[in-house]
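Report on one structure; see the data block that follows.
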Amino acid sequence: MARAAIEWGVRDLAAAAKIGSATITRFENRQREPNNATLAAIQRALEAAGVEFIPENGGGAGVRLRKPA
């Protein structure tokens with residue numbers, strides 16, 4: 001959902017996170033769980049692009065776009 005919100009393809013996220021696009025694809029297809037460093041790189045890249053991660057609050061964790069400044 002985060003990639004869609006910022007209109008990024010797999011290659012865009014991979015480049016921003018400095019990881020392979022196959023890693024993103026395997027993660028999104030639930031074929032493999034990335035290690036903590038890879039997850040952190042993905043999160044940093046998405047946050048830098050304006051995505052906010054919403055913690056679990058009884059309705060489930062999620063993402064949204066940061067409000068423009």
Side-chain angles (χ1 to χ4, degrees):
M1 290 190 321
R3 276 197 312 104
I6 56 175
E7 299 180 352
W8 274 9
V10 170
R11 291 183 190 130
D12 300 311
L13 177 55
K18 296 178 176 59
I19 59 176
S21 58
T23 300
I24 302 290
T25 300
R26 284 192 300 267
F27 174 46
E28 290 182 350
N29 291 335
R30 297 184 177 140
Q31 294 171 336
R32 186 166 181 191
E33 184 70 25
N35 63 40
N36 290 338
T38 300
L39 287 173
I42 292 169
Q43 183 170 348
R44 281 192 305 273
L46 291 169
E47 287 175 338
V51 172
E52 288 186 343
F53 287 83
I54 303 166
E56 172 69 49
N57 61 1
V63 295
R64 66 178 171 211
L65 291 178
R66 189 172 37 245
K67 287 184 180 179

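None of the values given here were measured: they were computed from a predicted structure.
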When the side chains of residues 1-11 are checked against the rest of the protein, which donor-acceptor pairs come out under 3.5 Å, sequence neighbours left out?
from : atom 1 : to    : atom 2 : distance (Å)
Arg3 : NE     : Glu28 : OE2    : 2.7
Arg3 : NH1    : Trp8  : O      : 2.9
Arg3 : NH2    : Glu28 : OE1    : 2.9

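- The side-chain hydrogen bond (donor to acceptor under 3.5 Å, both in side chains) search around Arg44 returns none, not counting sequence neighbours.
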All N/O donor-acceptor pairs, side-chain side in residues 15-26, below 3.5 Å, sequence neighbours left out:
from  : atom 1 : to    : atom 2 : distance (Å)
Thr25 : OG1    : Ser21 : O      : 3.2

Name each donor-acceptor pair under 3.5 Å that joins a side chain in residues 60-69 to protein atoms two or more places apart or in another chain, with its distance.
from  : atom 1 : to    : atom 2 : distance (Å)
Arg64 : NE     : Glu52 : OE1    : 2.8
Arg64 : NH2    : Glu52 : OE1    : 3.4
Arg66 : NH1    : Glu47 : O      : 3.3
Arg66 : NH2    : Glu47 : O      : 3.1

Could you give the side-chain donor-acceptor pairs of residues 30-42 under 3.5 Å, partners two or more places apart or in another chain?
from  : atom 1 : to    : atom 2 : distance (Å)
Asn35 : OD1    : Ala37 : N      : 3.1
Asn35 : OD1    : Thr38 : N      : 2.8
Asn35 : OD1    : Thr38 : OG1    : 3.0

